[in-house]
Amino acid sequence: MSYPKEHCLFFLQNTELLEKTEEIVEAVDAVLFKAINARIEKRIKGLGGWKGWYGMVSGNAAKDEETSFAPVAWPENKDCTYRVAYDLGETDSDKNDYWLSSAFGVNKTELCFYLWFDTEHGLSKGEVARQTLVLATGNAEVKAAGFKRNDDGLLYLPFSFNAEKAAVEFPLVRLWLQLTG
């Protein structure tokens with residue numbers, strides 16, 4: 001279902017309603033995450049020497065329904081899944097039903113980039129926790145960048161978007177997506 005720009009702007013300007021209106025939230029989710037994924041992909045490709053999947057909230061097959069990236073030198077499994085990567089996620093998946101809510105910091109949950117490790121084909125969860133503790137406490141750049149550690153020992157960099165700015169730019173995002181296909 002397609003909603004007019006005014007409906008979308010209303011929810012961007014009233015984020016407290018995001019968790020209460022499924023159909024419209026999903027429509028706005030799709031537009032904004034297509035733009036978010038495109039921006040992340042452009043930025044990562046611009047670095048050179050990186051690989052990635054950019055499909056969070058795309059509705060595609062399971063492997064495409066994620067946004068993750070890694071340097072090409074980082075190991076992969078035989079099925080081309082990453083052993084170590086940065087994943088787009090959220091700080092608390094139990095608080096929000098929609099990615100859009102996390103994008104705007106609803107219920108004190110934010111989007112984040114996790115430094116993710118495949119503990120089924122590599123390091124144990126305990127070893128990951130030990131390594132990330134060393135990285136988080138012993139590396140000034142990691143601290144300065146704002147990375148945190150969660151209860152599972154994973155490093156993550158939280159962020160959220162300003163809903164007012166998104167509302168201003170939303171018509172431009174829709175137009176840009178229509179033009180770039």
Side-chain angles (χ1 to χ4, degrees), residues 26 28-93 96 98-105 109-161 166 169 172-174 176-181:
E26 288 175 355
V28 178
D29 232 5
V31 171
L32 286 180
F33 273 89
K34 188 173 181 184
I36 289 167
N37 289 323
R39 179 66 176 124
I40 293 171
E41 181 176 13
K42 181 179 178 182
R43 177 77 171 126
I44 297 302
K45 283 185 175 182
L47 295 174
W50 286 69
K51 56 192 173 188
W53 298 96
Y54 310 97
M56 176 72 74
V57 192
S58 67
N60 293 335
K63 189 170 186 176
D64 291 335
E65 185 67 26
E66 66 181 69
T67 295
S68 59
F69 49 91
V72 293
W74 285 9
E76 288 185 5
N77 295 312
K78 289 180 182 177
D79 64 356
C80 296
T81 57
Y82 300 138
R83 286 194 175 183
V84 181
Y86 291 99
D87 275 358
L88 180 60
E90 56 194 346
T91 57
D92 189 340
S93 60
N96 292 327
Y98 305 105
W99 287 104
L100 190 62
S101 298
S102 297
F104 294 117
T109 298
E110 298 175 286
L111 290 178
C112 65
F113 288 115
Y114 280 103
L115 178 57
W116 179 85
F117 295 84
D118 177 358
T119 55
E120 293 184 24
H121 299 96
L123 299 172
S124 70
K125 289 182 182 181
E127 184 61 23
V128 168
R130 284 188 288 283
Q131 293 294 332
T132 59
L133 179 61
V134 169
L135 188 58
T137 59
N139 188 305
E141 289 87 7
V142 169
K143 283 184 192 178
F147 277 88
K148 299 177 180 185
R149 278 180 82 238
N150 69 8
D151 293 339
D152 294 329
L154 293 177
L155 283 177
Y156 67 97
L157 181 63
F159 63 94
S160 59
F161 297 107
E169 294 193 19
L172 299 175
V173 169
R174 283 183 73 102
W176 176 75
L177 291 172
Q178 289 169 352
L179 294 174
T180 60

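- Of the options Tyr156, Trp74, Tyr114, a ring-ring contact (aromatic ring centres under 6.0 Å, His included) to Tyr86 is made by Trp74 and by none of the others.
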In sequence, state the C-alpha distance, the side-chain angles, and the governing distance for Leu32 and Phe104, and then conclude on side chain to side chain contact (heavy atoms under 4.5 Å, CB included). CA-CA 11 Å; Leu32 286 180; Phe104 294 117; 3.9 Å; yes
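- Shown here are the salt bridge (charged side-chain N to carboxylate O under 4.0 Å, His left out) partners of Lys143, two or more places apart in sequence or in another chain: there are none.
- Once rounded to the nearest 0.5 Å, the distance linking NZ of Lys125 with CD of Glu120 reads 8.0 Å.
- Side-chain atoms of Asp92 do not come within 3.5 Å of backbone N or O of Thr109 as any donor-acceptor pair.
- When side chains are defined from C-beta on, Leu88 does not count as touching Phe69, because their heavy atoms never get closer than 4.5 Å.
- The distance between the ring centers of Phe113 and Phe159 falls below 6.0 angstrom.
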Evaluation steps, side chain to side chain contact (heavy atoms under 4.5 Å, CB included), between Phe161 and Leu111: CA-CA 9 Å; Phe161 297 107; Leu111 290 178; 3.8 Å; yes
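- We find the CZ-CD distance between Phe117 and Glu127 to be 9.5 Å, quoted to the nearest 0.5 Å.
- In terms of modelled atom types and a separation under 3.5 Å, the side chain of Asn77 and the main chain of Asp79 share no donor-acceptor contact.
- In this structure, CZ in Arg39 is found 10.0 Å from CD1 in Ile44, a value given to the nearest 0.5 Å.
- Looking only at distances, no side-chain donor or acceptor of Ser160 sits under 3.5 Å from a matching main-chain atom of Glu110.
- Contacts of Ser101 classified as side chain to side chain donor-acceptor pair (under 3.5 Å), with partners at least two apart in sequence or in another chain: Glu19.
- Shown here are the salt bridge (charged side-chain N to carboxylate O under 4.0 Å, His left out) partners of Glu41, two or more places apart in sequence or in another chain: Lys45.
- A donor-acceptor pair under 3.5 Å is formed between the side chain of Thr67 and the backbone N or O of Met56.
- In this structure, the side chain of Tyr82 engages the main chain of Gly52 through a donor-acceptor pair within 3.5 Å.
- Considering all non-hydrogen atoms of both residues, Pro71 and Lys51 come closest at O-CE, 3.4 Å.
- Closest non-hydrogen pair, Leu154 versus Val128, comes out as CD2-CG1, 3.9 Å.
- Residues Asn139 and Phe147 form no side-chain contact, since every pair of their non-hydrogen atoms from C-beta on lies 4.5 Å or further apart.
- Applying the side chain to side chain donor-acceptor pair (under 3.5 Å) rule to Asn96 yields the partners Ser102, Asn107; only residues at least two apart in sequence or on another chain are considered.
- A donor-acceptor contact shorter than 3.5 Å is absent between the side chain of Thr132 and the backbone of Leu155.
- Of the possible polar contacts, one joining the Asn150 side chain to the Asp152 backbone as a donor-acceptor pair under 3.5 Å is found.
- Counting all heavy atoms, side chain and backbone alike, Pro158 lies closest to Thr91 at CB-CG2, 4.0 Å.
- Every residue was checked against the salt bridge (charged side-chain N to carboxylate O under 4.0 Å, His left out) condition with Arg43, not counting sequence neighbours, and none meets it.
- Under the side-chain contact (heavy atoms from CB on, under 4.5 Å) criterion, Leu133 pairs with Thr137, Arg149, sequence neighbours left out.
- Ile36 places none of its side-chain heavy atoms less than 4.5 Å from the side chain of Val57.
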